[in-house]
Structure formats: structure tokens, C-alpha cells
Amino acid sequence: MKKVAVLVSGGGTNLQAILDAEVIGTIKSAKVDIVISDNEGAFALERAKASEVDAICISKKLPDFEDKLISALDERAVDLIVLAGFLSILSPKFTKHFEGRIINIHPSLIPSFCGKGYYGLKVHEAALARGVKLTGATVHYVNEIPDGGKIIAQRAVAVLPDDTPESLQLRVMKEAEHIILPRAIESICSGE
Ligand code: GRF
């Protein structure tokens, strides 16, 4: 059974999808060992507690934030680190230290609408502004280039004429992110 750390910053709907996937058996080769938030107010921490998963906050405001994060992860000896709505940019020191063991979920079909400054609603605002008919989500390995690592999985979602950034974000989460992230975790942890 592989040990997974999930890094969060906000609502935690992707974390919830992972926890639910463990219960229904979509994920059977891995277990969330710890949830770490860089933001003490993240509702994702409540979701972890409700599922009796260890959850801690390492505030991004701390001067030695990344060093604390690295040692917390080393201490737990996790096999896979999942960035799920995690907003802090991780340095090359961090990505090298955990090379090949960090994945991220991004709410667009990379290489569209990704990289510096593209996160959360901004991604969907850009997709609507460009007038794309299809968007979606991508799971990819994390390296030193923001959203630049090897693509693992993608799933497309139609953009509807009356979509707002909020309605599009919700549909991309439900119909793409929450489906491909648990599947990617299982496929990596089962050695598929
Ligand atoms: C959302 O914008 C989602 O698309 C992206 O991170 C944000 C929050 O996700 N992956 P979550 O609800 O905290 O998992």
C-alpha cells in the first residue's frame, strides 16, 4: 500500500475525490497518509479530519516554509506527493528533492492556459476569453517549470454558450478533475 501526501490550499474538492475514491475502491493501492495545507483556513483540512486523516498546516508565510514542508514529507516517507488545489510555487530544490514523485492537477488541457499566473478561476476566465469549445483538466508530473512536467492524464469538457468562469470551473472539477486525479493516483501506485 503506497503512502500519499496531499498538499492543499483551499476548498479541497480534489482531496475529497481522492478520499471518496479510497472508500469506493477506485484507489486500492494507496492511502492518504497526510494532508498538508499552506493556508490555515483551508476547508480541505476539515475534510481530512472528517475522514480521520492526519492533517497539518505549514503556513506559506513562514520564512522556512519549504524546508519545513520537505522535512514533514521526508519524516512521513511518502511514496507520492499530490498537489490538489495547492497554490504555493515549489522551488527547483523541492522538485529535485522529490523528483518523479510529485503530481499536480491543473484545470485546463495543458499546454493551453497554464504556467505562471494561471490558477483557479483565472484559467477558466482565459478559456472563455479565448472562446475555446473544449477545455478540461490535466494531471502531470511536477518539475521546475510551472505546469511543465510530463502529462499523465487528460479529460475534455465542453464549454457551454452561457458558461461563466464559475460554472465552467465547477463542471471541469466534477467532470474532469475529480475523475482523472484518483485514477492517476491508482495507476501510479499500482505500478500500472
Ligand atoms: C480549483 O480551481 C481546481 O480547478 C484546481 O484548484 C482549485 C481548488 O481545488 N485544481 P480544490 O477544490 O481545493 O481541490
Side-chain angles (χ1 to χ4, degrees), residues 4-21 26-27 30 32 35-39 42-44 47 60 66 69 80-92 94-96 98-160 163-189:
V4 172
V6 182
L7 306 191
V8 297
S9 300
T13 65
N14 278 287
L15 167 67
Q16 192 63 57
I18 296 165
L19 295 171
D20 294 349
T26 309
I27 293 179
V32 177
V35 172
I36 303 178
S37 175
D38 62 359
N39 157 26
F43 186 66
R47 293 181 189 272
K60 56 178 177 261
E66 203 171 76
L69 187 54
L80 182 67
I81 298 164
V82 179
L83 310 185
F86 187 68
L87 296 179
S88 292
I89 298 296
L90 296 163
S91 75
F94 185 99
T95 55
K96 285 257 171 306
F98 296 107
E99 181 117 35
R101 288 193 287 154
I102 317 170
I103 65 173
N104 180 51
I105 176 88
H106 182 76
S108 75
L109 296 175
I110 288 176
S112 301
F113 315 118
C114 70
K116 205 163 166 6
Y118 283 103
Y119 57 89
L121 273 183
K122 293 174 192 281
V123 174
H124 305 292
E125 285 161 4
L128 290 172
R130 183 65 186 84
V132 294
K133 303 304 175 195
L134 280 179
T135 185
T138 304
V139 180
H140 62 93
Y141 281 103
V142 173
N143 61 18
E144 60 286 354
I145 305 152
D147 299 327
K150 180 173 176 289
I151 289 174
I152 300 166
Q154 293 191 306
R155 189 174 173 98
V157 169
V159 180
L160 303 179
D163 262 328
T164 62
E166 290 75 11
S167 64
L168 186 53
Q169 178 178 52
L170 219 53
R171 190 159 63 256
V172 168
M173 279 177 165
K174 272 174 35 192
E175 296 181 12
E177 296 177 45
H178 299 166
I179 293 170
I180 61 175
L181 185 54
R183 286 183 185 169
I185 292 167
E186 176 56 21
S187 125
I188 292 166
C189 293

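Heavy-atom basis, side chains included; hydrogens, waters and symmetry copies ignored. None of the values given here were measured: they were computed from a predicted structure.
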Student: Is a donor on one side and an acceptor on the other found under 3.5 Å between the side chain of Asp147 and the backbone of Cys114?
Tutor: no
Student: When rounded to the nearest 0.5 angstrom, what is the spacing between CG in Leu160 and CG in Leu168?
Tutor: 8.0 Å
Student: Once side chain to side chain donor-acceptor pair (under 3.5 Å) is applied, do any residues pair with Asn143, and if so which ones, sequence neighbours excluded?
Tutor: none
Student: Side chains of Leu128 and Pro165: closer than 4.5 Å at any heavy-atom pair?
Tutor: yes
Student: With rounding to the nearest 0.5 angstrom, report the CD1 to OH distance, Ile89 to Tyr119.
Tutor: 9.0 Å
Student: Do the non-hydrogen side-chain atoms of Asp38 and Leu7 ever get within less than 4.5 Å of each other?
Tutor: no
Student: Do side-chain atoms of Gln169 reach the backbone of His124 as a donor and acceptor pair under 3.5 angstrom?
Tutor: no
Student: Run the side-chain contact (heavy atoms from CB on, under 4.5 Å) check on Asp20 and Thr26 step by step: do they pass?
Tutor: CA-CA 9 Å; Asp20 294 349; Thr26 309; over 6 Å; no
Student: How long is the straight-line distance from NZ of Lys96 back to CD1 of Ile102, given to the nearest 0.5 Å?
Tutor: 10.0 Å
Student: Can a donor-acceptor pair be found between the side chains of Ser9 and Asn39 at a distance below 3.5 Å?
Tutor: no
Student: Which atoms form the tightest heavy-atom contact between Pro182 and Ala17, and what is the distance?
Tutor: CG-O, 3.8 Å
Student: Between CG of Leu15 and NE2 of His178, what distance do you get to the nearest 0.5 Å?
Tutor: 10.0 Å
Student: Check residues 151-158 and write down every donor-acceptor pair under 3.5 Å in which the side-chain atom is one partner and the other belongs to a residue at least two apart or another chain.
Tutor:
unit_1: Gln154; atom_1: NE2; unit_2: Ile110; atom_2: O; d: 3.0
unit_1: Gln154; atom_1: NE2; unit_2: Thr138; atom_2: OG1; d: 2.8
unit_1: Arg155; atom_1: NE; unit_2: Glu175; atom_2: O; d: 2.8

Student: Which pairs pass salt bridge (charged side-chain N to carboxylate O under 4.0 Å, His left out) with one or both residues in residues 113-137, sequence neighbours excluded?
Tutor: none
Student: Any sub-3.5 Å donor-acceptor pair from His106's side-chain atoms to Phe113's backbone N or O?
Tutor: yes
Student: Does Ile103 reach the side chain of Val142, with side-chain heavy atoms less than 4.5 Å apart?
Tutor: no
Student: Using every non-hydrogen atom in the two residues, find where Ala84 and Ile105 come nearest and quote the distance to one decimal.
Tutor: CA-CG2, 4.0 Å
Student: At their closest point, which heavy atom of Ala42 faces which heavy atom of Gly10, and how far apart are they?
Tutor: CB-O, 3.5 Å
Student: Is it true that, when you exclude Arg101 itself, more than 12 heavy atoms of the residues, nucleotides or ligands shown sit nearer than 6.0 Å to its CZ?
Tutor: yes
Student: Are side-chain heavy atoms of Thr164 and Ser167 found at a separation under 4.5 Å?
Tutor: yes
Student: I need the minimum non-hydrogen distance between Val82 and Val4, along with the two atoms involved.
Tutor: CG2-CG1, 3.7 Å
Student: For Phe98, I'd like to know if atom CZ has over 12 heavy atoms of other residues, nucleotides or ligands within 6.0 Å.
Tutor: yes
Student: Stepwise, does the side-chain contact (heavy atoms from CB on, under 4.5 Å) test hold for Thr135 with Val172?
Tutor: CA-CA 8 Å; Thr135 185; Val172 168; 3.9 Å; yes
Student: Looking only at heavy atoms, which two atoms of Pro107 and Glu177 are closest? And how far apart?
Tutor: CB-OE2, 3.4 Å
Student: Hey, could you give me the CG/CZ distance between Leu19 and Arg47, rounded to the nearest 0.5 Å?
Tutor: 9.0 Å
Student: Kindly determine whether Ile18 and Val6 satisfy side-chain contact (heavy atoms from CB on, under 4.5 Å), including the steps that lead there.
Tutor: CA-CA 9 Å; Ile18 296 165; Val6 182; 4.2 Å; yes
Student: Could you measure the distance from the CD atom of Gln16 to the CZ atom of Phe43? Nearest 0.5 Å is fine.
Tutor: 8.0 Å
Student: Hey, mind stepping through Leu69 and Leu90 against side-chain contact (heavy atoms from CB on, under 4.5 Å) and telling me if it holds?
Tutor: CA-CA 10 Å; Leu69 187 54; Leu90 296 163; 4.0 Å; yes
